Amino acid sequence: MFLHRHDGPLTHDLLRAPGRHGLGQLPQRLAPEATTRTVCGFCSTGCALTAHLRGGAAINLSPATDSPVNLGMACPKGWEALTPLDAPDRATTPRLRTTDGGWEAAPWDRALGEMVTRFRTINEEHGPGGLAFLSTGQIPTEEMVFLGALAKFGMGMRHGDGNTRQCMATAAVAYKESFGFDAPPYTYADFEESDVILLSGSNLCITHPILWERIARNLHSPEIVVIDPRRTETAAAATQHHPVRPKGDLALYYAIANILIARDWIDPEFVDAHTEGFEAFAAHVRSFTPEAVSDATALPTHEICRLAETIHAGKRVSFWWTMGVNQSHEGVRTAQALINLALLTGNIGRPGTGANSITGQCNAMGSRLFSNTTALFAGHDFTRASDRRKIASILGLDAARVPRENSLPYERILEEIRAGRVRGLWVVGTNPGHSWIHQTEFRETLDMLDVLVVQDMYPDTETARAADIFLPAAGWGEKEGTFINSERRLGLVKKIHAAPGEALADFHIFRLVAEYWGVGDLFDRWRTPEDVFRTMQEMSVGQPCDISGIAGYDALEEHAGIQWPHASGAPPPAPERRLFEDGRFFTDSGRARFCFEQPRPSREMPDDSFPFTLLTGRGSSSQWHTETRTGRSPILRKLHRAEPWVEIHSDDASRLGLIAEDWVVLRSRRGALQARAVVQDTISPGQVFVSMHDAQTNRLTFPEFDPYSHQPSYKHCAVRVERAHPKSGSSARHPSCGGPPTPAT
Ligand SMILES: Nc1nc2c(c(=O)[nH]1)N[C@H]1C(S)=C(S)[C@@H](COP(=O)(O)OP(=O)(O)OC[C@H]3O[C@@H](n4cnc5c(=O)[nH]c(N)nc54)[C@H](O)[C@@H]3O)O[C@H]1N2
Ligand SMILES: Nc1nc2c(c(=O)[nH]1)N[C@H]1C(S)=C(S)[C@@H](COP(=O)(O)OP(=O)(O)OC[C@H]3O[C@@H](n4cnc5c(=O)[nH]c(N)nc54)[C@H](O)[C@@H]3O)O[C@H]1N2
Ligand code: SF4
Ligand SMILES: [Mo]
């Protein structure tokens, strides 16, 4: 027996219930030789996958044909999702840092005892602000709920955030302000029903390949308009590509709005009946003539007019955006500028329309609603007493346990660490030692902690390597729960694989931490993920995301996923549903708001010393973020370049004396990286692009944040390009990607 509570024995059922710890047992509900449906654990598309089982465990995956999401399709990551689970270097035991800086394997009992003792000491010395957590959009919602409740109501933490800050915070804030709730209005069928599809800052072909396939099925010969500084795979397949100057979007969308208003190409009935703030918005955009914004957008005036004409010509126009918009120093206003175009033209609430943020991670939507970080559970408000009472009473807690303030956002938590106020950090299911902006500063920040606890599937992530205590987690496929995809669909994720060694589902780790902290009784009713799901349903009652009408996991199984809302008493869920069909929004007035502001430049623009603008983003459909999972599949590795690469225009290359495949150094004021030159005119002169999958990338990025969403502006900083010194290009290889070692910074 390896589990003992440090101040008394663990409860009996925690020790004895079969399958509870995820230590190899598979759930009884799966027949030994059969198939079962699950939801992919990579991107937010939420493809349904069929798991082919032998002896109750999955031996293969294929796309499910009976789901309204992916219609029998999947991308390489989905097909290959089992391989990373079987990697020989999975974490199988907890580990503790030794005094000489090495590691020792430790039983759970010791690791959790150590975590609790050290966290408690911080709590006693520094109060509830001394501890914080950073979580993820890649675990089931039920696990997010458990962590959010445990950390904030059980352990008394005030601050917790997640990697959705890096990703979706902008869209969440934009929707909340414009629509009154964080509510992406669309359903995937809209891709097939639009006659104009405008994609801004989205490389859908590689980041959401199955959504691109949905566009390919559109029978209305749609105009596909891509707004992206680069001629991406998506732009190359579109009918129009407008290579906007990086961060020129806000001026561009205001200019388009100006043309639409000036030419009377708006929908006045919709604007009158369902919006507020139109007059002020019209006055605001009046100075944004195509001529006035031509420089800011790098687009000729006729191209800006053509964009407005295209929108006007469409009967069903949909506006989609992803990270090219969200990751910006003015992301919220840019997202709202797109929302404003949909409102002006009445393109919302009908098939094929909408102002549509495409999410990123498999459960980013779950984290937006249920992680208990910036919003209290189910879109409630920490600062509102009635909301605190409601949530506390559902959880059977004293309302005084619910913090009265919102958590600090990610970058402020890091500032608190640097100020010596946050001393203990718990990182779950994210790898900020690679993915957070301005890595030099981030690594220094981690070094200032008294205790860093990292909970991950793999012990060697950049973040795990800095940990004091490492907890081995089961991954996707090794536990059950629900994900919420981009179109608000809750899908059921199954346990189809045994976790290795002593790795535990995050759900069970949270249960154990609760026990060790001495607050296990607060969460006694949460024995299984489905218990938590029922609590989520109760918490959602009366909210726009009401899911109280879903008849448990069985209903999710039967319908292959159900979109929110689905309130109790509602008719059986249709396979595809969109929001705002009645023109009523979630604001107090029921009207959508026009939100706008004067554009302003980034704080770091190219100059004589650093003349290039650095863009970053996804590199291929076979790579996932920091590559802890996809990097462990030999098949996926074959589908992309092995070495780091930088996309550079041929004019710039010849000016710098570079030819294709030369090693170059990219240097910003904060750091440097080396990569092979990919010389191609998919990028404009004066710009370079590197993929975020390379751990070197965020050494360069500039820590600037949207003031409202606090999302990092990953896609804009100033760099210079140098030919790599021959000596550094040839010797030892970069450990993770086969490239040369990185130059000193
Ligand atoms: N294969 C794969 N798929 C993924 C992921 C992955 O890691 N790998 N990650 C998932 C996640 S979490 C997310 S958030 C999504 C991200 O999905 P996307 O947002 O589609 O991906 P990115 O490549 O980050 O950025 C999209 C584009 O923004 C452009 N861009 C940069 N600056 C600007 C600008 O100022 N204006 C405009 N209009 N465009 C700009 C870039 O050139 C880039 O082509 O992908 C999801 N899907
Ligand atoms: N320069 C630049 N940087 C970027 C971006 C960019 O476009 N440019 N994009 C940003 C965006 S949009 C995002 S979403 C972030 C992503 O950044 P991260 O969240 O840091 O990236 P991942 O590699 O997805 O990290 C997930 C971690 O969780 C672990 N994990 C997976 N499943 C589980 C589980 O079930 N339980 C536990 N405990 N662990 C698990 C994985 O092994 C991995 O270490 O990167 C951001 N960083
Ligand atoms: S498109 Fe996204 S959800 Fe679908 S199989 Fe690929 S990674 Fe998974
Ligand atoms: Mo993301």
Side-chain angles (χ1 to χ4, degrees), residues 39-49 61 63 69-70 73-81 84-85 90-91 134-140 143 147 162-168 206-213 322-324 326-327 359-364 427-437 439 454-464 471-479 481 483 485-486 493 499 503-507 509 614-618 621-632 690-694 697-701 711-715 717:
V39 179
C40 178
F42 287 103
C43 90
S44 63
T45 304
C47 293
L49 300 174
L61 299 169
V69 170
N70 49 315
M73 301 176 277
C75 87
K77 296 186 294 303
W79 288 95
E80 261 296 278
L85 301 177
R90 279 288 299 274
L134 295 174
S135 164
T136 181
Q138 296 176 57
I139 56 177
E143 299 189 333
L147 175 61
N163 61 10
T164 32
R165 179 74 60 186
Q166 294 160 280
C167 178
M168 300 316 309
I206 67 162
T207 56
H208 301 87
I210 302 309
L211 297 183
W212 178 259
E213 292 296 327
T322 320
M323 290 308 119
N326 282 357
Q327 292 171 344
T359 41
Q361 305 166 76
C362 50
N363 201 17
V427 176
V428 178
T430 183
N431 184 13
H434 170 141
S435 63
W436 186 253
I437 204 158
Q439 276 297 310
V454 175
Q455 188 165 315
D456 203 290
M457 298 165 64
Y458 305 100
D460 71 337
T461 71
E462 287 82 358
T463 319
L471 305 177
W476 170 89
E478 297 169 344
K479 51 192 182 179
F483 287 163
N485 77 356
S486 280
V493 186
L504 295 178
D506 296 282
F507 186 87
I509 300 176
L614 174 69
L615 305 174
T616 70
R618 277 73 195 157
S621 66
S622 58
Q623 287 168 289
W624 182 256
H625 295 165
T626 73
E627 292 244 77
T628 66
R629 289 191 280 163
T630 45
R632 284 174 166 84
V690 293
S691 99
M692 66 157 301
H693 311 299
D694 181 359
T697 298
N698 281 316
R699 294 177 183 174
L700 275 61
T701 45
Q711 181 157 342
S713 180
Y714 282 112
K715 291 178 168 25
C717 74

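All values reported here derive from a predicted model rather than from experimental measurement. The figures that follow rest on heavy atoms only: side chains count, while hydrogens, waters and symmetry mates do not. All residue numbers refer to positions in the sequence shown, counting from 1. As the structure lists them, so they are numbered: ligands from 1, and atoms in each ligand from 1.
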Sequence neighbours left out, what passes salt bridge (Lys or Arg N to Asp or Glu O under 4.0 Å) with [X]? Give chain and number order.
| X | result |
| --- | --- |
| Asp456 | none |
| Lys715 | none |
| Arg90 | Glu478 |

Considering only non-hydrogen protein atoms, determine which one is nearest to [atom] and report residue, atom name and distance to 0.1 Å.
| atom | answer |
| --- | --- |
| atom 24 (O) of ligand 2 | Gln138 NE2, 2.7 Å |
| atom 25 (O) of ligand 2 | Asn431 N, 3.7 Å |
| atom 19 (O) of ligand 2 | Asn163 ND2, 2.7 Å |
| atom 47 (N) of ligand 2 | Ser435 O, 3.0 Å |

From [options] - option closest to [atom] by heavy atom:
| atom | options | answer |
| --- | --- | --- |
| atom 10 (C) of ligand 2 | Gln327, Met323, Arg699, Gln439 | Gln327 |
| atom 8 (N) of ligand 2 | Thr164, Val493, Thr616, Thr359 | Thr616 |
| atom 39 (N) of ligand 2 | Gly481, Pro140, Cys362, Gly429 | Gly429 |
| atom 14 (S) of ligand 2 | Gln166, His625, Arg632 | His625 |
| atom 44 (O) of ligand 2 | Thr697, Leu147, Asp456 | Asp456 |
| atom 30 (N) of ligand 2 | Met457, His693, Arg165, Gln711 | Met457 |

Is there a polar contact, in the sense of an N or O pair closer than 3.5 Å, between [X] and ligand 2?
| X | result |
| --- | --- |
| Thr628 | yes |
| Thr430 | yes |
| Arg629 | no |

Measure from the side-chain N and O atoms of [X] to the backbone N and O of [Y], and report whether any donor-acceptor pair falls under 3.5 Å.
| X | Y | answer |
| --- | --- | --- |
| His434 | Met692 | yes |
| His208 | Thr359 | yes |
| Glu143 | Phe507 | yes |
| Tyr714 | Gln166 | no |
| Thr45 | Cys47 | no |
| Asn70 | Ala48 | yes |
| Thr701 | Ile437 | no |
| Trp476 | Val39 | yes |

Ligand 2 contact on [X] by region, counting heavy-atom pairs under 4.0 Å:
| X | answer |
| --- | --- |
| Asn698 | side chain |
| Ala473 | side chain |
| Asp506 | side chain |
| Thr626 | both |
| Met692 | side chain |
| His434 | neither |
| Ala474 | backbone |
| Tyr458 | side chain |

Taking only non-hydrogen atoms of [X], do any sit less than 4.0 angstrom from ligand 2?
| X | result |
| --- | --- |
| Lys715 | yes |
| Lys479 | yes |
| Arg618 | yes |
| Gly360 | no |

Could you tell me, atom by atom, which parts of ligand 2 come under 4.0 Å of a heavy atom of [X]?
| X | result |
| --- | --- |
| Thr461 | 44 (O) |
| Cys167 | 12 (S), 14 (S) |
| Trp624 | 24 (O) |
| Gly475 | 35 (O) |
| Ile139 | 34 (C), 35 (O), 36 (N) |

Taking the side chain as C-beta and beyond, is there a heavy-atom pair between Gln138 and Asn163 under 4.5 Å?
yes
As a quick check of understanding, evaluate side-chain hydrogen bond (donor to acceptor under 3.5 Å, both in side chains) for Glu462 and Asn431, giving each step before the final call.
CA-CA 7 Å; Glu462 287 82 358; Asn431 184 13; 2.8 Å; yes
How many protein N, O or S atoms sit closer than 2.8 Å to atom 4 (Fe) of ligand 3?
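Step by step: take atom 4 (Fe) of ligand 3, keep protein N, O, S below 2.8 Å, and you get 1.
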Might you point out which heavy atoms bring [X] and [Y] nearest each other, and give the distance in Å?
| X | Y | answer |
| --- | --- | --- |
| Thr463 | Gly433 | OG1-N, 2.9 Å |
| Ser621 | Cys75 | O-SG, 4.5 Å |
| Ser435 | Thr626 | CB-CG2, 4.1 Å |
| Asn485 | Gly46 | CB-CA, 4.1 Å |
| Arg618 | His693 | CA-NE2, 3.6 Å |
| Ala464 | Tyr458 | CB-O, 4.1 Å |

Run the side chain to side chain contact (heavy atoms under 4.5 Å, CB included) test on Asp506 and Lys479 for me, step by step, so that the C-alpha distance in whole Å, both residues' side-chain angles and the decisive distance to 0.1 Å come before the verdict.
CA-CA 9 Å; Asp506 296 282; Lys479 51 192 182 179; 2.6 Å; yes
Yes or no on side-chain hydrogen bond (donor to acceptor under 3.5 Å, both in side chains) for Thr697 and Asp694, after CA distance, side-chain angles and deciding distance?
CA-CA 6 Å; Thr697 298; Asp694 181 359; 4.5 Å; no
